[in-house]
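Step one of this worksheet: look at the structure below.
So you know, we letter chains A, B, ... as the sequences are listed, proteins then strands, and number each from 1. All heavy atoms count here, side chains included; hydrogens, waters and symmetry mates do not.
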Number of protein chains: 2
Amino acid sequence: MKSKNDKRPTIYDIAQALNIAPSSVSKALNDSPSVSEKVKILVRDKARELNYRHNSQAASLRKGTSRTIGVIVPKINSAFFSNAISGMEEVCFDHSHQLIICQTEESYAKEKQAIETLITNNVDCIIISQSIETKSDNHLKEVMKRNIPLIQFDRVNKSISCHQVVNDNKTAAYHAVKELLKQGYKNIAFLGGSFEMDVYNERREGYLQALKENGMMIPYDYVVAGIHSEQNGYDAASLLLDSQLSPDAFLTASDYIAFGVMKAVFDKALSIPDDVGVIGFANEPFSAMIVPSLTTVDQNSRAMGIETAKIYFDELMDSQKSNVPITKTVPCTIICRDSIRKK
Amino acid sequence: MKSKNDKRPTIYDIAQALNIAPSSVSKALNDSPSVSEKVKILVRDKARELNYRHNSQAASLRKGTSRTIGVIVPKINSAFFSNAISGMEEVCFDHSHQLIICQTEESYAKEKQAIETLITNNVDCIIISQSIETKSDNHLKEVMKRNIPLIQFDRVNKSISCHQVVNDNKTAAYHAVKELLKQGYKNIAFLGGSFEMDVYNERREGYLQALKENGMMIPYDYVVAGIHSEQNGYDAASLLLDSQLSPDAFLTASDYIAFGVMKAVFDKALSIPDDVGVIGFANEPFSAMIVPSLTTVDQNSRAMGIETAKIYFDELMDSQKSNVPITKTVPCTIICRDSIRKK
DNA sequence: ATGAAAGCGCTAACAT
DNA sequence: ATGTTAGCGCTTTCAT
């Protein structure tokens, strides 16, 4: 299909056709001030005529910069990440940069592989949200050692000193619990994600703080770690609802977990929100579509994506700025729906 | 941040350290048969020691191939596309190729831009599912003219002669309608997407054929075009439900549209599935979560992604194979749930 | 089996 | 303002 002889036109072809030097063509195409308007017009017309396209590989090789940013996320098909990516894309588009997106599917091996791929492709910056499985930070250290700008977002490893964009997870969880207390719920359980990740730990802290401030007791089994899926949520909630002191409310680490909890509650013939209140995390589209609609914490993920990409363009691109890592915090918004009582 | 003097190691650094020729290093790293096992080991060890990484930009420039495939889709955050992409990624990973993903957000301008970007980045192949807005095919012709292998999937333009991977949309719609008829629904409306796209036209054909075969009349207003969103679905269904001959079933072009229809039905105080049956398309996760759960057409999108990527590796990569465009058809599966009556 | 040298397409010094 | 030249890092003939 791809034949070798009808090669794509280069600046040499334009130069030859116009009887000028290739460097002048390059300058003209890059709108350099040191080339006459006349030549620019000539070059641009000829380029169009020959159907010339800039070869960014060659330019990257020469310039040592690829105008490309690598993004590593666990999944692209979750509301949180796809919105964040969409936000990054918007900013990159404005700066005529582009994104290479890698999915890890929560695997550490794939995460390491993705970093190799991105290094190999000379990306100018790596943006990463870690996978659940990731324990080590060698691969991130490797990126730093190579002086490739690194930005973490959402699922960050705080021990790595680099720019970070995170939600105010603690505050969000704190307010979510306050909301539950305000509605009169008394026994609030927390089904969190991996407790090896700061995002989830912070949510737990917010949860604990809110309860402590109100002098509530927290049975040891009310805080459950390692909950990630709808099924996990269903199982954990079923267990808790059968226990001695059955919870009357759940704060969960994701809307999917929350949905599992809701199913468990219904299976016990209890009602939501009258008997049990439920709050999720992420504001997945379905959270507004189910019955009862799910109260959830919106993480403003698009804004997070925008802020993340901006760090590169504002701080990192023209390098040699501050070496002090910035941490940006994006506030969450609690979306109150029918899964908790209304005042 | 990124300083110039501590540059990344190249094959020259390895060559120098080992006192051998750069070409030998290159061959060793590529496991060429014309280099001794001894040198290979030496080179690999030194490469590890120096923390060498292959520079694929340079290699691409030299070899004229980038081991990169560009994918253009309207949205990454829909079940259909993210699953398809995931399937493509799997196949690419097995062939150590990678994906550059571009979103068009249904805009023709962005679609054109994405193609420019991909050409500029020397992708070895372009995989595209067109945006709704796209009317012209100049940008696709441009790709063909450059002898860049082009594969269309799902939302294809049949007038462009290239490889295609599609669902058996007509059959799927046909069987969906048959299913509705079997359950005793009599007045079945069709809320389709853009009628300028083959996918939607084929679904309409299947719908029409099933009804005609059963000698059913189809009021002219039962076939509605240009329906894309939940809101569109809600509006169109509301109108139809108020009309003279109110439909008792809807086949829709997406689960989101179906959800809008369901809302409209409930707002008229009608019941699903007793008064009205609804079938969607795509098997979005939420379709199983809502009440009543939504009967939908699963497009086996992951399989589509896999088949699409395979076309490149099986047919196109080693070029000069057949020039005859292949069309692969991936069957759909109807997932029967509560939104239609059960026998 | 190993090495020397050319060149992929572009840009950036450095002349002129 | 324009042209000459070298070189980014790699692969690939072609010699040896």
Side-chain angles (χ1 to χ4, degrees), chain A residues 2-44 46-47 50-68 119-124 146, chain B residues 2 4-43 46-47 50-68 119-124 146:
Chain A
K2 199 165 192 169
S3 80
K4 300 288 169 189
N5 40 359
D6 62 339
K7 49 191 281 311
R8 70 191 257 179
T10 72
I11 51 173
Y12 281 83
D13 299 320
I14 299 176
Q16 202 162 33
L18 257 35
N19 240 308
I20 59 175
S23 59
S24 298
V25 176
S26 172
K27 286 173 198 153
L29 290 171
N30 289 305
D31 205 23
S32 153
S34 73
V35 70
S36 69
E37 205 53 44
K38 203 184 67 192
V39 170
K40 281 184 189 172
I41 293 172
L42 241 44
V43 166
R44 284 200 269 257
K46 186 56 79 180
L50 296 181
N51 214 4
Y52 167 84
R53 286 297 180 294
H54 181 248
N55 182 332
S56 54
Q57 306 244 47
S60 301
L61 182 59
R62 175 63 231 242
K63 290 198 291 191
T65 164
S66 62
R67 299 184 84 79
T68 293
I119 291 176
T120 277
N121 279 277
N122 289 327
V123 294
D124 293 341
R146 286 174 179 273
Chain B
K2 199 166 192 171
K4 299 289 168 189
N5 39 0
D6 62 339
K7 50 191 280 310
R8 71 190 256 178
T10 72
I11 52 171
Y12 281 83
D13 298 319
I14 299 176
Q16 202 161 34
L18 257 34
N19 239 308
I20 58 175
S23 57
S24 298
V25 176
S26 172
K27 285 171 197 154
L29 289 172
N30 289 305
D31 206 25
S32 152
S34 74
V35 70
S36 70
E37 205 53 43
K38 203 185 67 192
V39 171
K40 280 183 189 172
I41 293 172
L42 241 44
V43 165
K46 185 57 78 179
L50 296 180
N51 214 3
Y52 168 84
R53 287 297 179 294
H54 182 249
N55 182 332
S56 54
Q57 306 245 46
S60 302
L61 181 59
R62 176 61 231 244
K63 291 198 291 191
T65 164
S66 63
R67 299 185 82 78
T68 293
I119 292 176
T120 277
N121 279 275
N122 288 328
V123 294
D124 293 341
R146 285 174 178 274

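For the pair B:V25 and B:Y12, the minimum side-chain heavy-atom distance is 4.5 Å or more. Here the side chains of B:R146 and A:N51 are in contact, with some heavy-atom distance below 4.5 Å. With a 4.5 Å cut-off on side-chain heavy atoms, A:I14 and A:L50 count as touching. With contacts defined as side-chain heavy-atom distances shorter than 4.5 Å, the pair B:T68/B:N122 does not qualify. Residues A:T10 and A:Q16 are not in side-chain contact: their nearest non-hydrogen atoms beyond the backbone lie 4.5 Å or more apart.
The interatomic distance linking A:K38 (NZ) with D:dT2 (P) rounds to 6 Å, in whole Å. Atom CD1 of A:I20 is separated from atom P of D:dT4 by 11 Å (rounded to the nearest Å). Going from atom CG of A:L42 over to atom P of D:dA1 covers 16 Å, rounded to whole Å. We find that CZ of B:R53 is positioned 13 Å from P of D:dC10, with the value rounded to whole Å. Here the C1' atom of nucleotide D:dA1 and the CD atom of A:E37 are 13 Å apart, to the nearest Å. Here the P atom of nucleotide D:dG9 and the CZ atom of B:R8 are 9 Å apart, to the nearest Å. One can place CG of B:L50 at 14 Å from P of D:dG9, the figure rounded to the nearest angstrom. A:I41 places its CD1 atom 15 Å from the C1' atom of D:dA1, with the value rounded to the nearest Å.
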- request: Assess whether side chain to side chain contact (heavy atoms under 4.5 Å, CB included) is satisfied between B:V43 and B:I20, documenting all intermediate values.
  value: CA-CA 10 Å; B:V43 165; B:I20 58 175; 3.9 Å; yes
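For the pair B:Y12 and D:dT11, the criterion of a side-chain N or O lying under 4.0 Å from OP1 or OP2 is not met.
Of the possible polar contacts, none joining the B:R67 side chain to the B:S56 backbone as a donor-acceptor pair under 3.5 Å is found. For the pair B:N121 (side chain) and B:V123 (backbone), a donor-acceptor distance under 3.5 Å is absent. Checking side-chain atoms of B:S66 against main-chain N and O of B:S60 turns up no donor-acceptor pair under 3.5 Å.
If you check D:dC10, D:dA6, D:dT4 against the side chain of A:R62, the one that comes closest is D:dA6.
Of all nucleotides in DNA chain C having an atom under 4.0 Å from a heavy atom of chain A, the first and last in 5' to 3' order are C:dG9 to C:dA13.
The stretch residues 26-36 of chain A touches DNA chain C through A:S26, A:K27, A:N30, each having a heavy atom under 4.0 angstrom from the strand.
Residue-level contact check: B:S23 touches the bases, meaning some heavy atom is under 4.0 Å from a base atom.
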